[in-house]
Amino acid sequence: MFAAEIYMHRFLLSSPVRTLNPEEADWFYTPVYTTCDLTPNGLPLPFKSPRMMRSAIQLISSNWPYWNRTEGADHFFLVPHDFGACFHYQEEKAIERGILPLLQRATLVQTFGQRNHVCLKEGSITIPPYAPPQKMQTHLIPDKTPRSIFVYFRGLFYDVGNDPEGGYYARGARAAVWENFKDNPLFDISTEHPTTYYEDMQRAVFCLCPLGWAPWSPRLVEAVIFGCIPVIIADDIVLPFADAIPWEEIGVFVDEKDVPNLDTILTSIPPEVILRKQRLLANPSMKQAMLFPQPAQPGDAFHQVLNGLARKLPHDKSVYLKPGERVLNWTAGPFGDLKPW
């Protein structure tokens, strides 16, 4: 889910946009694998990520002159944690921590996007989470297979381990889905993750894409790839690559407070509107824009990121600091972030 940071690095290593002459560079990229810091059972452990990022910035700023001349304004970083460079999976704690101050001038390429949010930096590039292209390709079923499932969802409704009292996880939206529709025959919803998961999505008309700890989810990518109309339940979400993917036309947006009315909302959509959304979802270029394939292919997510970076060029002269001028404070941020790595 967080592997975009690794695949973006691999892509750039062999990309024709890469130069080995720093004087020719428009952008500087530092690969920092913050999401590879995991618990023993493989869960993301973002708490040490600020120290790892600080360490990387300290390394590049003390060995080369390029960071220091702009304080990182011509650098970009991938930060695909739940709340990007706020480095936490719980919103309350992410907001309290805020974006790592050292990154305040850099461009962030991140999966997290929510309007008017502390953890969304102006000028960030929102990307889809990583979903394995080859794996999904092997699960494709014939196009003419009838879509016999009306609404489909597999995943957690309650995250008891991290939210024992309930209601905080997914701001209660997933709990509301379960409580209101667990016995509704139109809704094929469960916590079990069957081996036919990808095939089932291709048999469904609507795929629920509710927020979890963060607004985004790999289900959004999977729904688009498998032609299932995404039902996006995440207030104020900023979706990836809006110039390549007409989200309003292919998806259905439901406010979190309206989850109890999901059955009424979805059954009232006219068949011709459903068919129009399905036809748009069948567009191969739209699917391509959501994927990080190896090797890269024209119009894929890698190229959408490059388009986003290109739109921010040329860098304004104001990004370059005058001699002796400093913008950032190395000691800014929570005390815990300052501990030695």
Side-chain angles (χ1 to χ4, degrees), residues 113 128-129 131 133 136-137 139-155 157 170 173-174 176-190 193-194 196-212 215-291 299:
M136 289 193 288
Q137 184 73 27
H139 287 266
L140 289 175
I141 62 177
D143 288 342
K144 302 297 182 187
T145 305
R147 291 193 176 264
S148 53
I149 301 168
F150 189 62
V151 181
Y152 188 74
F153 176 80
R154 291 292 183 274
F157 296 99
R174 292 199 189 194
V177 169
W178 178 249
E179 298 301 336
N180 285 280
F181 305 111
K182 59 187 174 185
D183 299 320
N184 188 317
L186 293 176
F187 284 67
D188 187 345
I189 59 175
S190 169
H193 206 290
T196 57
Y197 174 68
Y198 284 154
E199 289 83 357
D200 292 344
M201 290 187 92
Q202 294 168 79
R203 297 186 182 99
V205 177
F206 295 104
C207 288
L208 300 185
C209 301
L211 72 161
W216 60 272
S217 151
R219 289 176 191 81
L220 197 62
V221 179
E222 294 161 346
V224 170
I225 298 304
F226 294 130
C228 186
I229 298 169
V231 180
I232 299 160
I233 306 168
D235 293 355
D236 295 322
I237 189 171
V238 175
L239 291 161
F241 309 146
D243 55 340
I245 302 166
W247 291 106
E248 295 287 344
E249 294 177 46
I250 64 170
V252 175
F253 290 79
V254 176
D255 290 346
E256 293 164 28
K257 65 177 175 54
D258 293 332
V259 167
N261 304 321
L262 255 179
D263 53 347
T264 306
I265 292 168
L266 297 179
T267 54
S268 65
I269 298 174
E272 60 271 19
V273 173
I274 291 174
L275 286 170
R276 186 167 69 246
K277 290 180 185 294
Q278 289 173 333
R279 278 196 295 271
L280 285 168
L281 281 165
N283 184 340
S285 67
M286 199 146 49
K287 300 177 191 294
Q288 189 79 317
M290 295 292 280
L291 295 175

Report summary line: Value for CZ (Phe187) from CG (Leu262), rounded to nearest 0.5 Å, stands at 5.0 Å
Query raised in the report: Does the side chain of Thr196 come under 3.5 Å of the side chain of Asp200 through a donor N or O and an acceptor N or O?
Result: yes
Query raised in the report: So how far is it from Met136 CE to Tyr197 OH, rounded to the nearest 0.5 Å?
Result: 10.0 Å
Report task. Scan Val252, Ile237, Leu220 and name whichever one has a side-chain contact (heavy atoms from CB on, under 4.5 Å) with Cys209. Result -> Leu220
Query raised in the report: Checking side chain to side chain contact (heavy atoms under 4.5 Å, CB included) for the pair Thr267/Leu186: CA distance, chi angles, key distance, verdict?
Result: CA-CA 9 Å; Thr267 54; Leu186 293 176; 3.8 Å; yes
Report summary line: ring-ring contact (aromatic ring centres under 6.0 Å, His included) pairs touching residues 239-268, sequence neighbours excluded, are none
Query - Main-chain N/O of Ala282 paired with Lys287 side-chain donor or acceptor, under 3.5 Å - result: no
Query raised in the report: Tell me, do Val205 and Gln278 make a side-chain contact under 4.5 Å, heavy atoms counted?
Result: yes
Query - pair Ile269-Leu266: side-chain heavy atoms closer than 4.5 Å - result: yes
Report summary line: The side-chain contact (heavy atoms from CB on, under 4.5 Å) partners of Asp188 (sequence neighbours excluded) come to Ile149, Tyr152, Arg154
Query raised in the report: Is Arg276 reaching over with its side chain to a backbone N or O of Ile250, donor-acceptor style, under 3.5 angstrom?
Result: no
**Report entry** Interatomic spacing from CE in Met290 to CD in Glu222 - rounded to 0.5 Å
**Finding:** 10.0 Å
Query raised in the report: How about Phe157 and Ile189: do any of their side-chain heavy atoms sit closer than 4.5 Å?
Result: yes
Report task. Drop me the distance from Glu199's CD to Leu140's CG, to the nearest 0.5 angstrom. Result -> 9.0 Å
**Report entry** Heavy-atom side-chain proximity of Met286 to Pro246 below 4.5 angstrom
**Finding:** yes
Query raised in the report: Which pair of non-hydrogen atoms, one from Pro260 and one from Phe181, has the smallest distance, and what is that distance?
Result: O-CZ, 3.4 Å
Requested in this report: Find the distance between CD (Gln202) and CD1 (Ile225) and round it off to the nearest 0.5 Å.
Outcome: 10.5 Å
Query raised in the report: Any sub-3.5 Å donor-acceptor pair from Asn283's side-chain atoms to Ser285's backbone N or O?
Result: yes
Requested in this report: Mark yes or no for whether Arg203, through its side chain, and Arg147, through its backbone, hold a donor-acceptor pair below 3.5 Å.
Outcome: no
Query raised in the report: With a 4.5 Å limit on heavy-atom distance, are the side chains of Phe153 and Pro210 in contact?
Result: yes
Query raised in the report: Do the rings of Tyr198 and His139 sit parallel, tilted or perpendicular, given the 30° and 60° boundaries?
Result: perpendicular
Query raised in the report: Does some side-chain heavy atom of Leu208 sit less than 4.5 Å from a side-chain heavy atom of Arg219?
Result: no
Requested in this report: Indicate yes or no for a side-chain donor-acceptor contact from Asn180 to the backbone of Ala176 under 3.5 Å, with no hydrogens or angles considered.
Outcome: yes
Query raised in the report: Where do Ala244 and Ala289 come nearest, in terms of heavy atoms and distance?
Result: CB-CB, 4.2 Å
Requested in this report: Can you establish whether the number of heavy atoms outside Asp143 located under 6.0 Å from its atom CG is more than 12?
Outcome: no
Query raised in the report: Nearest heavy-atom pair of Met201 and Cys207: which atoms, and what distance?
Result: CE-SG, 3.7 Å
Query raised in the report: How many angstroms lie between CG in Leu211 and CG in Asp235, if you round to the nearest 0.5 Å?
Result: 8.0 Å
